[in-house]
Amino acid sequence: MSVASIRYATLDAGRSYWGLLAVLAGVTLVGLAGFLHLEHEGHWITGMNNQVVWGIPHVFAVFLIVAASGALNVASIASVFGQVTYKPLARLSGLLAAGLLIGGLVILVLDLGRPDRLIVAMTYYNFKSIFAWNIFLYTGLLAVIALYMFVLFQPAFARWTRAAGTLALLWRLILTTGTGAIFGFLVARQGYDAAIMAPLFIIMSFSFGTAVFMLVLTAACHGSGRVLGDALLFRLKNLLAVFVSAVLYFVLAYHITNLYATEHHGYEAFILNFESLYSKLFWIGQVGFGSLVPLALFYAPRTRTCRISTHVGAGLVILGGLIQMYVIIIGGQAYPLVLFPGMEESSSFYDGVVASYIPSIWEFLLGFTGVAISLIVVVAGLGALGILPEDLSDPKPAG
Amino acid sequence: MLSVVALTAFSNASAEGLGPFIPKAKGEQCVEPTQVMRERHWEFILHQRDETMYKGIRTTRHSLKNCLECHVQPDEEGRFPRSSEMSHFCTSCHVFAGIRVDCFECHADRPHEAYSIIPRHSRLSLNDLFRRRSVQ
Amino acid sequence: MSLDLSRREFLQGAGAAGALTLAPGVFLHAKDPEVPVTDAVRWGMLVDTRLCQEDCDACVTACNEEHNLEDLGRPETDAQWIRKLTVRDPLGGRTISLPMMCQHCENPPCVDVCPTGASFRRVDGIVLVDKHTCIGCRYCMMACPYKARSFIHENLTEQLPHAPRGKGCVESCTMCVHKVDAGENTTACAEACHKDGHQAILFGDLNDPDSEISKRIQEFGATQIRADLGLNTGVRYQNL
């Protein structure tokens, strides 16, 4: 299949298409109603408090933003590294990245204590803050994706595809570095303050983004009656398997390094000893169901060529990714700050004890809203633009 | 929500005359001519805000606190209006102009003297109110 | 003319209110309100833990009253600008008690991470939140090594004129900046500790070698909490 011959078509806007959009809009509306309630009452109605200041909304938001970066994998491989097989999927890759990014950003904004001051966030900058840099990196990536999509859609600009793709690749690598650095730069917290956070988040983005891409691609093909070839799907699966293994490697390196330093044993025990909730989530959710089970499904002889196993595996990677975010974001805050190393601390402000955090429905509503908005962008894009090729079946063997 | 209620209240009031209800202030003359204040009071307050916040300059001429000292006065029963009420100087005019301000989400909405006459237990009863709600 | 009169009356009223709360022997030398603060002074506090009683929380109560930090019965979300911390050495079991609050770092992590610059350090060393530009992202709370900050989780209506605070913003100890600017040369916590006869908290100018706080530090030395972070805190401790 030559690149020039790819024909793209919009999704047919039938009943199921509008039905899906209506459901997503409904979820968004419910979520926004929840936001208005939260905004009116204040954050005391959530599970977040003065000890665990970032909760479920941030788990969803960071996951979506990281996955957005990874959703561009296919675009990068096609446009920068010249893999022809992925060329037909580059447009979907760009659209999905934009959708996930917008959904994640919406959550972050809606969770602010003063969401009405978004204009302040846009006009006052402290350039020593990695958070301020990320505001540029996130909005900038949307612009870069728009540029990349423009080049893809205009045959006259085809020779700029590689340049635009390279810009997008570099930008998203910096973006995920910046997102990981939000945690890596927290010098005082026992679970953060680690340079490996930046590359860990990059490799997590590759994994989560590819998994989301596979499921969205499959759903879009299924919903529009397109045939998605086995070769393409399993190629993506093999890629995902490498990324899942790489995430495990980085997690291993992080914990091994911490385990070597006695000062970190408290935090390591908290995450690894299988007693705290976060430890159970780590072993069962992140490592077990989020990594080892998908790897088994992807590599085992009986399931490696099974489409259902592939989809289940990708779904588990997403679930494991959310759990990993929970362990990193909530677990890192729940573990007590050490003010006096080697001493036992106690106070009325929960010094020296593991902070409690019970997520509330309002936080989940914000998270679901972000996911729904991401999907609305993707579904609307698929319906309005020629994103998806008409034919994604495997090329016929010659002769 | 508040502004909707207040707007309704105002539309009744405006049937009697044009312009917002302006409560009587202490003293005879504002820190600037009335017309200048109408047009630029927010500039003065904004400027003073940053001067105070970052430089510790606490001159009173253009401070929000000083506005309240004169413009928020007790009624016959000695009660000071709150910013949630149309009888509050700032609220009355801002509802008329349809411009929402959030100063009083954080700032005290009454002059200094209002606090010396508020019995301490009235604040505690508010605490109790919050506490009851949190228990539910 | 009448305007000037009313302003003078107001200033006199405020001055009288301030003088009432002063400890005997402490002079009121108010900063000229028109003159910006400078880095010629660095305000700080010195805590002597030997003088701090474990069962006493006068400093906490004083701070809560000074800024009307209401107890809403929700300890996990209620604001605490200052708290009593008990530190126990597992070897031997020696226990010390100390007040923990914003340490007013020279290099504050909260200021570094704040995206809008709302967290800032005044040139005289006081670390503050400009609540006009705080968007409530809470990154400063993640970054603070001392857990000194609180997020306001609900609507407030009973704020005091000198202590504006409200829903959706982060706040912390202001080193009683309103008292400092009025020249009271003390903080609510130091004052309360003094009144209770413990004198464990001393407020003063760390840049002035003749100030009592500097003299005491020169003579006995003082420790920073988490000195390893290199933040050069404005609150120092003795006998940790």
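Within every chain, numbering begins at 1; the chains are lettered A, B, ... in the order of the sequence lines, protein sequences first and strands thereafter. Just so you know, these numbers come straight off a predicted model, no measurement behind them.
No other option in C:Lys147, C:Met141, C:Arg226 has as many heavy-atom pairs under 4.5 Å with chain A as C:Lys147. Among the candidates A:Ile135, A:Val187, A:Ile130, A:Ile182, the residue making the largest number of heavy-atom pairs closer than 4.5 Å to chain C is A:Ile182. If you tally non-hydrogen atom pairs under 4.5 Å between each of C:Pro75, C:Gly166, C:Gly117, C:Cys169 and chain A, the highest count goes to C:Pro75. Your options are C:Asp228, C:Leu229, C:Thr116, C:Val111, and the one with the most heavy-atom pairs under 4.5 Å with chain A is C:Thr116. Of all the listed residues (C:Thr77, C:Asp112, C:Val113, C:Asp89), the one sharing the greatest number of non-hydrogen pairs under 4.5 Å with chain A is C:Asp112. Of the listed residues (C:Ile135, C:Thr95, C:Ile152, C:Val170), the greatest number of heavy-atom pairs within a distance under 4.5 Å of chain A belongs to C:Ile135. In terms of non-hydrogen atom pairs under 4.5 Å with chain A, the most contact-rich of C:Cys144, C:Pro109, C:Ser150 is C:Ser150. Here A:Asn49 is the residue among A:Asp116, A:Val120, A:Asn49, A:Leu108 with the most heavy-atom pairs under 4.5 Å with chain C. Ranked by non-hydrogen atom pairs under 4.5 Å with chain C, the options A:Gly332, A:Ala121, A:Ser348 are led by A:Ser348.
A donor-acceptor contact under 3.5 angstrom links the side chains of C:Asp48 and C:Asn239, judged on distance only. Under the 3.5 Å distance criterion, with hydrogens and angles disregarded, no donor-acceptor pair is assigned to the side chains of A:Glu345 and C:Thr86. Side chain to side chain, A:Thr179 and A:Tyr138 meet the donor-acceptor criterion of an N or O pair below 3.5 Å. At a cut-off of 3.5 Å, with distance as the only test, a side-chain donor of C:Ser119 or C:Arg149 sits close to an acceptor on the other residue.
A:Gln333 touches chain C through its side chain: at least one heavy atom from C-beta onward sits under 4.5 Å away, while N, CA, C and O do not. Interface residue A:Phe340: only side-chain heavy atoms are found under 4.5 Å from chain C. With a 4.5 angstrom heavy-atom cutoff, A:Leu112 touches chain C via backbone and side-chain atoms both. Interface residue A:His58: only side-chain heavy atoms are found under 4.5 Å from chain C. Only the backbone of C:Ala79 comes within less than 4.5 Å of a heavy atom in chain A; its side chain stays farther off. With a threshold of 4.5 angstrom between heavy atoms, C:Lys84 approaches chain A through N, CA, C or O but not through any side-chain atom. Only the side chain of C:Leu98 comes within less than 4.5 Å of a heavy atom of chain A; its backbone N, CA, C and O stay farther away. With a 4.5 Å cut-off on non-hydrogen atoms, A:Leu337 touches chain C through its side chain but not through its backbone. Using a 4.5 Å cut-off between heavy atoms, A:Met48 touches chain C through backbone and side chain atoms alike.
The closest side-chain heavy-atom distance from A:Ser69 to A:Val66 is not below 4.5 Å.
For an aromatic pair to be called close, the ring centres must be under 6.0 Å apart, and C:His67 with C:Trp81 satisfies this. Side-chain rings of A:His255 and A:Phe282 approach one another, their centers coming within less than 6.0 Å. Two rings, from A:Phe185 and A:Tyr192, have their centers 6.0 Å or more apart. Aromatic ring centres of A:Tyr125 and A:Trp133 lie farther apart than the 6.0 Å criterion allows.
Ion pairing of C:Arg165 with C:Glu171 is present here, as a side-chain N (NZ or NE/NH1/NH2) and a carboxylate O approach within less than 4.0 Å.
Although no hydrogens or angles enter the test, the distance criterion places a donor-acceptor pair under 3.5 Å between the side chain of C:His153 and the main chain of C:Phe151.
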